[in-house]
Amino acid sequence: MKAVRLLFVTYFERAHLLPLVPLAWAALAAGHEVRMVSTPGLMGAVESTGLPGVAVGRDIDLEAVLASRALAPVRQSAAEPEEVMQARVMENIASLLLEFAENMVDDLVKYARAWRPDVIVYDPVTFGGLVAATALGIPAVGHLYGMARWLRPEFKNLIGGEAWPRYEQLFTRFGVEPAYDPVAWVDPRPASMRWDEAVMGMPAAQTVQPIPMRYIPYNGSGAVPDWLTRPGERPRVCVTWGTSQQRKLGPQVIEHFRDVAATIAELDVEVLLTVGATNEEQRRQLRGLPKNVTTVGWVPLNGLLACADAIVHTGGTGTLMTAAACGVPQLGVTKIREGLYNTQQLVMTGAGLHLDEDTSKVCTIRDTVDTLVCDPRYRKAAAGLRAEIEAQPSPADVVAELARIASSH
């Protein structure tokens, strides 16, 4: 097979980088050339993966955006309807993604013209990847990581039709017509967790080639403690509230996180509480927990879940897909739209349950965890979901398809 050049382009958040890493490494292992491109703030995370990285453009002050609560699904007043609040949040997210694209696209196109990739593989909300491929006249391949293609923030109604003018201007500044879809989508979701895009009115649902790929959990580097390799005396329940949730919703998340862990600990279980993303002040809030709660610092999630009997989380894509690949029953307690949609798809497989964070008492979460641990149907369904994931084509198989796409254009 002739070696090709693959340019991976991603948003400057670690959660968007990690899903691309297995495919990028498979391409390197197959003898191809790879570059991972983002803005400067992600280069430390790229370097930790061992992949060659290239910084382009400039960063956004994301922490300031999060501190403004612009991305938090919180009503501005008690009278604000839910749909108005969600529309406002999604418009703010679209504005952030478009600003990021505007900040990187000039340098990205300049670098791509110099390096001359054969294919650009891009994170689905990193619009610059599709712009660069269109400007160079080479194939673009989107790399899904969950529900991102259902909600299309480049469109005003989130599914198709009229795009934001700023999105189209990303293309016209290079003298090319706006593009809205790649030649193919790499899709690491098993068939049982995919949406019927044709029914949901997705643009070009029948014309864009799907490339199924096995989801390989890559949660970053880190040591796995010896005690995690030994069976527990009681069922182990992992409780994690996710870095995105904490950053979007503020410090009250930690208090809720603590209450959930303490209440689940009333069951005859061992609670594994992840605190790797918390700071010292937040950890002080977590003191005084019951003895059957073990706080766990930074451990790659797939290493932690190797010994878990259930997991409670907020529906984040990386967490949910990692748990699915590990065959662990899941409870999604959701507030953010991404978590809701992800968990709804999980529930359809029988491998998990869902609760709404705003309306569920902590005792309800406890009782639902008890059901998840004690009812063998969830463990059986989770094992079936894991088997379905493992039956998908490997990243090495997908690399061969990317090389074919490169050679055919």
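The figures here come from the full heavy-atom set of this structure, side chains too, leaving out hydrogens, waters and symmetry mates. Residue numbers run from 1 in the order of the sequence given.
Comment: Arg152 engages Asp181 in a salt bridge, judged by a side-chain N to carboxylate O separation of less than 4.0 angstrom. Salt bridge status for Glu390 with Arg214: absent, with no side-chain N to carboxylate O gap under 4.0 Å. For Arg88 and Glu91, the salt-bridge test fails: no basic side-chain N is under 4.0 Å from an acidic carboxylate O.
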If you apply the rule side-chain hydrogen bond (donor to acceptor under 3.5 Å, both in side chains), what do you find for Glu357 with Thr314, and how did you get there?
CA-CA 8 Å; Glu357 181 178 326; Thr314 60; over 6 Å; no

ring-ring contact (aromatic ring centres under 6.0 Å, His included) assessment of Phe155 paired with Tyr180:
CA-CA 9 Å; Phe155 294 111; Tyr180 304 98; 5.6 Å; yes

Passes ring-ring contact (aromatic ring centres under 6.0 Å, His included), Tyr122 versus Phe8? Steps please.
CA-CA 6 Å; Tyr122 69 99; Phe8 288 77; over 10 Å; no

Walk me through it: do Arg234 and Asn292 pass the test side-chain contact (heavy atoms from CB on, under 4.5 Å)?
CA-CA 10 Å; Arg234 293 179 284 187; Asn292 58 330; 3.2 Å; yes

Does the pair Trp298 and Thr274 meet the rule for a side-chain contact (heavy atoms from CB on, under 4.5 Å), with working shown?
CA-CA 8 Å; Trp298 176 251; Thr274 65; over 6 Å; no

Do Val119 and Leu7 pass the side-chain contact (heavy atoms from CB on, under 4.5 Å) test, and can you show the C-alpha distance, the side-chain angles, and the key distance before you say yes or no?
CA-CA 6 Å; Val119 177; Leu7 186 65; over 6 Å; no

Extract all donor-acceptor atom pairs below 3.5 Å that involve side chains of residues 34-46 and protein atoms in other chains or at least two apart in sequence.
{"residue": "Ser38", "atom": "OG", "partner": "Thr10", "partner atom": "O", "Å": "2.9"}
{"residue": "Thr39", "atom": "OG1", "partner": "Asp59", "partner atom": "OD1", "Å": "2.6"}

Check: residues 215-224 side-chain donor-acceptor pairs under 3.5 Å, at least two apart:
{"residue": "Asn219", "atom": "OD1", "partner": "Asn302", "partner atom": "N", "Å": "3.0"}
{"residue": "Asn219", "atom": "ND2", "partner": "Thr322", "partner atom": "OG1", "Å": "3.2"}

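In this structure a side-chain-to-backbone donor-acceptor pair under 3.5 Å is missing from Thr343 to Leu340. Under a 3.5 Å cut-off, the side chain of Thr49 and the backbone N or O of Leu51 do form a donor-acceptor pair. One N or O on the side chain of Gln330 and one on the backbone of Leu320 form a donor-acceptor pair closer than 3.5 Å. Judged by distance alone, the side chain of His16 and the main-chain N or O of Phe12 form no donor-acceptor pair under 3.5 Å. With hydrogens and angles ignored, the 3.5 Å screen pairs a side-chain donor or acceptor of His32 with a backbone N or O of Val4. The backbone N or O of His143 lies less than 3.5 Å from no partner atom in the side chain of Asp123, so there is not a single donor-acceptor pair. The backbone N or O of Asp309 lies less than 3.5 Å from a partner atom in the side chain of Arg379, making a donor-acceptor pair. Side-chain atoms of Thr371 come within 3.5 Å of backbone atoms of Asp367 as a donor-acceptor pair (strictly under, hydrogens ignored).
Glu338 and Thr317 are linked by a side-chain donor-acceptor pair at a separation below 3.5 angstrom, with hydrogens and angles left out of the test. Counting only N and O atoms by type, the side chains of Gln209 and Glu401 include a donor and acceptor under 3.5 Å apart. Using a 3.5 Å distance cut-off with no hydrogens or angles, the side chains of Thr294 and Arg236 do not pair a donor with an acceptor. Side-chain contact check for Thr359 and Asp356: at least one donor-acceptor pair (N or O, by modelled atom type) lies under 3.5 Å. Between the side chains of His354 and Thr334, at least one donor-acceptor pair of N or O atoms lies under 3.5 Å. There is a side-chain donor-acceptor pair under 3.5 Å between Ser394 and Asp397.
In terms of heavy atoms, Ala133 sits closest to Ala140 at CB-CB, 3.5 Å. The two residues Leu304 and Cys238 have their closest heavy-atom pair at CD2-SG, 3.6 Å. When every heavy atom of Ala191 is checked against every heavy atom of Gln392, the shortest pair comes out as N-OE1, 4.5 Å. In terms of heavy atoms, Asp118 sits closest to Ala406 at CB-CB, 3.9 Å. The two residues Met321 and Pro188 have their closest heavy-atom pair at CE-O, 3.6 Å. Nearest heavy atom pair, residue Ala94 against residue Trp164, reads CB-NE1, 3.9 Å.
If you take OH on Tyr145 and CG on Asn342, they are separated by 9.5 Å, rounding to the nearest 0.5 Å. The line from OH of Tyr111 to CE of Met104 is 12.0 Å long, rounded to the nearest 0.5 Å. Atom CD1 of residue Ile60 and atom CD of residue Glu102 lie 9.0 Å apart, to the nearest 0.5 angstrom.
In terms of the salt bridge (charged side-chain N to carboxylate O under 4.0 Å, His left out) criterion, residue partners of Arg5 (sequence neighbours excluded) are, by chain and number, Glu33.
Pro190 has its side chain within reach of Ile389: a pair of non-hydrogen atoms, C-beta onward, lies under 4.5 Å apart. Residues Ile365 and Thr263 are not in side-chain contact: their nearest non-hydrogen atoms beyond the backbone lie 4.5 Å or more apart. Side-chain contact check for Arg258 versus Leu289: some heavy-atom pair is nearer than 4.5 Å. Ser192 places a side-chain heavy atom less than 4.5 Å from the side chain of Glu388. You'll find the side chain of Val296 stays beyond 4.5 Å of the side chain of Leu273, heavy atoms only. Under the 4.5 Å side-chain criterion, counting only non-hydrogen atoms from C-beta, Leu355 is in contact with Thr364.
Within 6.0 Å of CZ in Arg173 there are more than 12 heavy atoms belonging to other residues, nucleotides or ligands. For CD of Glu177, the number of neighbouring non-hydrogen atoms (other residues, nucleotides, ligands) closer than 6.0 Å is 12 at most. Around atom CG of Asp226, no more than 12 heavy atoms belonging to other residues, nucleotides or ligands sit under 6.0 Å away.
None of Ile120, Val56, Val54 except one satisfies the side chain to side chain contact (heavy atoms under 4.5 Å, CB included) rule with Val9; the exception is Ile120. The one candidate from Ile311, Val299, Thr240, Leu272 that meets the side chain to side chain contact (heavy atoms under 4.5 Å, CB included) condition with Leu305 is Ile311.
In this pair, Phe257 and Trp241 present their aromatic rings tilted. The plane angle is within the 30 to 60° band.
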